[in-house]
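Single-structure report; data block below.
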Amino acid sequence: QKQSSKTLVAYFSATGTTEKAAKVVAEVTGGTLYEIQPAKKYTSADLDWHDKSSRSSVEMADAKSRPTLSSKAENLADYDTVYIGFPIWWNLAPRIINTFIESGDFSGKTVILFATSGGSSISNSEKELQKTYSNLKWQKGKLLNGATKEDIKQWTKK
Ligand SMILES: Cc1cc2nc3c(=O)[nH]c(=O)nc-3n(C[C@H](O)[C@H](O)[C@H](O)COP(=O)(O)O)c2cc1C
């Protein structure tokens, strides 16, 4: 178990889809699964993207929004590869992903994104995070909509 502790699979999931993908990523990489949890869980009203005043809309409209984590991020020192998974919101990563990245020391670690969405590709979310945190050692991420365990195995091998 010791050598497998080198990969962390951190994910945020509001409705469980990204969580399913994250579990497979952790399984095939032998990584440690870690849920990024907001201090205040998102209700379905919070997730209503048709409502401009819903919590998710307000957060996504504000690039500086940093929703609070329920606990301090996992001790990153043990890991050299960190996968970060999220649902795509507004063609971006939810702001809590920014909170997570800013709460830990990722220097020297390989950071790899994955996401699920209703159809949007990961490109814009990835581009924006890579631009904001240009000091990190990024490796190409992947949209895992409908990905099988075999697909994920092939991708994580690279
Ligand atoms: C607030 C909000 C905004 C969303 N914006 C997008 C979007 O821009 N593009 C897209 O393809 N899907 C969008 N979705 C759909 C989610 O990305 C998709 O349902 C995802 O798989 C949910 O993952 P989860 O169950 O892990 O939370 C949005 C969902 C929510 C709640």
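Numbering of ligands and ligand atoms starts at 1, following listing order. Bear in mind that the values here come from a model prediction, so they are computed numbers and not experimental data.
- Taking every non-hydrogen atom of S120 and a distance limit under 4.0 Å, the qualifying atoms of ligand 1 come out as 7 (C), 8 (O), 9 (N), 10 (C), 11 (O).
- For atom 21 (O) of ligand 1, the closest non-hydrogen atom of the protein is T116 OG1, 2.6 Å.
- Using modelled atom types, one finds a donor on one side chain and an acceptor on the other under 3.5 Å when comparing T18 with T116.
- The closest heavy-atom contact to atom 29 (C) of ligand 1, among the options F12, W49, Y11, Y42, comes from W49.
- Taking the ring centroids of Y34 and Y83, they lie at or beyond the 6.0 Å cut-off.
- Annotation: atom 12 (N) of ligand 1 to nearest protein heavy atom, G118 N, 3.0 Å.
- Near N91, meaning under 4.0 Å from one of its heavy atoms, ligand 1 places the atoms 7 (C), 8 (O).
- Ranking the protein heavy atoms by distance from atom 25 (O) of ligand 1 puts T15 OG1, 2.4 Å first.
- The shortest contact between atom 22 (C) of ligand 1 and any protein heavy atom is with P87 CB, 3.5 Å.
- Proximity to A14 (heavy-atom distance under 4.0 Å) selects the following atoms of ligand 1: 24 (P), 26 (O), 27 (O).
- Between the side chains of D51 and S57, no donor N or O sits under 3.5 Å from an acceptor N or O.
- Aromatic pair F106/F100: ring centres closer than 6.0 Å.
- Shortest contact from atom 2 (C) of ligand 1 to any protein heavy atom: W89 CD1, 3.5 Å.
- In this structure, T7 OG1 and D80 CG are separated by 6.5 Å, a value rounded to the nearest 0.5 Å.
- Interface atoms of ligand 1 facing G16, defined by a heavy-atom separation under 4.0 Å, are 24 (P), 25 (O), 26 (O).
- For the atom pair CD1 of I36 and CG of L69, the computed distance is 7.5 Å after rounding to the nearest 0.5 Å.
- To the nearest 0.5 Å, the span separating CG on L143 from CD1 on I88 amounts to 5.5 Å.
- At distances below 3.5 Å, at least one donor-acceptor pair connects side-chain atoms of N145 with backbone N or O atoms of S117.
- Between atom 17 (O) of ligand 1 and the options L92, L47, N145, I88, the minimum heavy-atom separation is to I88.
- Ranking the protein heavy atoms by distance from atom 5 (N) of ligand 1 puts W90 N, 3.0 Å first.
- Under a 4.0 Å criterion applied to the non-hydrogen atoms of S56, ligand 1 contributes the atoms 1 (C).
- The nearest protein heavy atom to atom 9 (N) of ligand 1 is closer than 4.0 Å.
- Side chain of K140 to main chain of I112: no donor-acceptor pair is present (N/O by atom type, distance under 3.5 Å, no hydrogens or angles).
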